[in-house]
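The structure appears right after this line, and notes come after that.
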Amino acid sequence: MLFAKACHATRWGKSLWGTDSDKAAVWQQMADVAGNFTGIPTMIGEFGLMDSGKINESASVWLWLDYVIRTARHFGFAMFLWDTGSFVDRTAGAWVDPTFGQVFKYAHMNDLRFRLTVKFGQPGNATVWIRQGDLIVDKTIGLRFSGNTLTGVYNGAGQALTSGTQYTASSTGVTLKASYLSSLVSGKPLGSIGTIVIKSNQGADLKIDIRYYKTPTVTTASYQSPITDYELPIPVTLNGSKLATVKAIKADGSILKDDWTIYLPEPQVGRLTWREFDYNEIDTLTVSTSILSLIKNAQQPVTLTFEFWPRYDSSNAVPITISYV
């Protein structure tokens, strides 16, 4: 019996997943295993994602899970989900993300898919973002129905939204009306202001977060000679935003780490890998000891630009300068 593992984590700013090339890479990896070990039972003893819905965008998480499971089933591989508490609440005996649990189930059942589309530079993945101060407009959630039929859109309390007044539907998605979004924003603090659930006749119910945000703020944007033995904590007021990635550029304009990323698409150029940065989703950004050591060795100031969701909003970023003298 052959044992293998599969995982997805945010590396070099790749916080979205689901393109044809993404899928082709997964397919080829499994095809290579199947082709080289013909007739040998194969078990993927670990598969999963790093911090689902925290750094990774939730719709990308669902798409990756769905495609990996279905591809493994195609090649006859057995699979075991790797979980350290990100997916299953062992105290409550429930999935942390109900949509994740349903995607997991229906993919194993080989049921028809009803899923979100993922396109960089566009709103409408697993979160609807509303920026404070901007004119509130209709927001479209891109969907791929896969032959299924939309049966309804519901709020977090399970009440059905009214078609035509609170939302409209087309063959490419569901659009939440500006008037409905305005009613959610009214009097609400920054952060999550509600959820909706999109249901179809088959497949997973898609739980969509609606977030009201503005650019995060920090009290200190410049650090001189922080010690490299410990992570550097950076106090932050998130203002409803969620961290996506970090870009690291030296004062001379060159990339701090992995300069080969210049050949990747712009959303990945010069970006770090998760675990080299992190945040606690409350009030602290962190920079790893390995990155601090690289900055010290660079012998020039380095700007770490913390980029937040939604990534189509380039102004939703916080630059932090670190230098050693």
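Computation of the quantities below employed the complete heavy-atom set of this structure, encompassing side-chain atoms and omitting hydrogens, waters and symmetry-equivalent molecules. Just so it is clear, the model here is predicted, and its values are computed rather than measured.
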Is Lys257 atom NZ crowded by more than 12 heavy atoms from other residues, nucleotides or ligands, each under 6.0 Å away? yes
Please, which pairs that meet side chain to side chain donor-acceptor pair (under 3.5 Å) have at least one residue in residues 224-236, sequence neighbours excluded? Gln224-Ser323
Lys250 atom NZ, over 12 foreign heavy atoms within 6.0 Å: yes
Distance-only donor-acceptor check, side chains Asn316 and Ser241, under 3.5 Å: yes
Taking the side chain as every heavy atom from C-beta outward, state whether Val236 and Tyr279 have any pair of such atoms under 4.5 Å apart. no
Mind running side-chain contact (heavy atoms from CB on, under 4.5 Å) on Thr215 and Asn239 for me, showing each step along the way? CA-CA 7 Å; Thr215 301; Asn239 293 329; 6.0 Å; no
Taking C-beta and beyond as the side chain, do Tyr67 and Asp22 meet within less than 4.5 Å on heavy atoms? no
Answer yes or no: is there a side-chain heavy-atom contact under 4.5 Å between Asn155 and Gln166? no
Compare every heavy atom of Arg211 with every heavy atom of Gly240, then report the nearest pair and how far apart it is. O-NE, 3.0 Å
Is there a donor-acceptor pair closer than 3.5 Å between any side-chain N or O of Asp32 and the backbone N or O of Gly35? no
Please evaluate residues Arg271 and Leu264 with respect to the criterion side-chain contact (heavy atoms from CB on, under 4.5 Å), reporting the C-alpha separation (whole Å), side-chain torsions for both, the decisive distance (0.1 Å), and the verdict. CA-CA 10 Å; Arg271 271 62 171 194; Leu264 296 177; over 6 Å; no
Are the charged groups of Arg90 and Asp83 less than 4.0 angstrom apart, N to O? yes
Heavy atoms only: give me the nearest Ile322-Ile295 pair and the separation to one decimal. O-CG2, 3.6 Å
Does anything in residues 188-198 pair up under side chain to side chain donor-acceptor pair (under 3.5 Å), and if so which pairs, sequence neighbours excluded? Ser192-Asp209
Leu272 side chain reached by Ile291 side chain, heavy atoms, under 4.5 Å: yes
Heavy-atom closest contact (Lys207 atom, Trp62 atom, distance): O-CH2, 3.3 Å
Would you say Ile196 and Ile141 make side-chain contact, with heavy atoms under 4.5 Å? yes
Quick check: are there more than 12 heavy atoms from other residues, nucleotides or ligands sitting under 6.0 Å from CD of Gln132? yes
Linked hydrophobic residues, Tyr263 as query - side chain contacts closer than 4.5 Å: Ile249, Ile255, Ile262, Val269
Hey, mind stepping through Phe308 and Leu243 against side-chain contact (heavy atoms from CB on, under 4.5 Å) and telling me if it holds? CA-CA 4 Å; Phe308 295 81; Leu243 183 62; 4.0 Å; yes
Under the ring pair (Phe, Tyr, Trp, His ring centres under 6.0 Å) rule, what pairs show up with a residue in residues 179-224, not counting sequence neighbours? Trp129-Tyr213
Residues passing the side-chain hydrogen bond (donor to acceptor under 3.5 Å, both in side chains) test with Gln102, sequence neighbours excluded, are none
State whether the side chain of Asp258 and the backbone N or O of Thr261 hold a donor-acceptor pair below 3.5 Å, judged by distance alone. no
Which residues pass the side-chain hydrogen bond (donor to acceptor under 3.5 Å, both in side chains) test with Thr38, not counting sequence neighbours? none
For Arg73 versus His108, what's the shortest heavy-atom pair and its separation? NH1-O, 2.8 Å
Mind listing the closest non-hydrogen atom pair of Ala107 and Arg70 along with its distance? CA-NH2, 3.7 Å
Checking side-chain contact (heavy atoms from CB on, under 4.5 Å) for the pair Thr245/Arg311: CA distance, chi angles, key distance, verdict? CA-CA 9 Å; Thr245 189; Arg311 293 194 71 185; 3.5 Å; yes
Nearest atoms (heavy-atom pairs only) where Ala317 meets Thr305: CB-CG2, 3.8 Å
Is atom CG of Asn36 surrounded by more than 12 heavy atoms (other residues, nucleotides or ligands) closer than 6.0 Å? yes
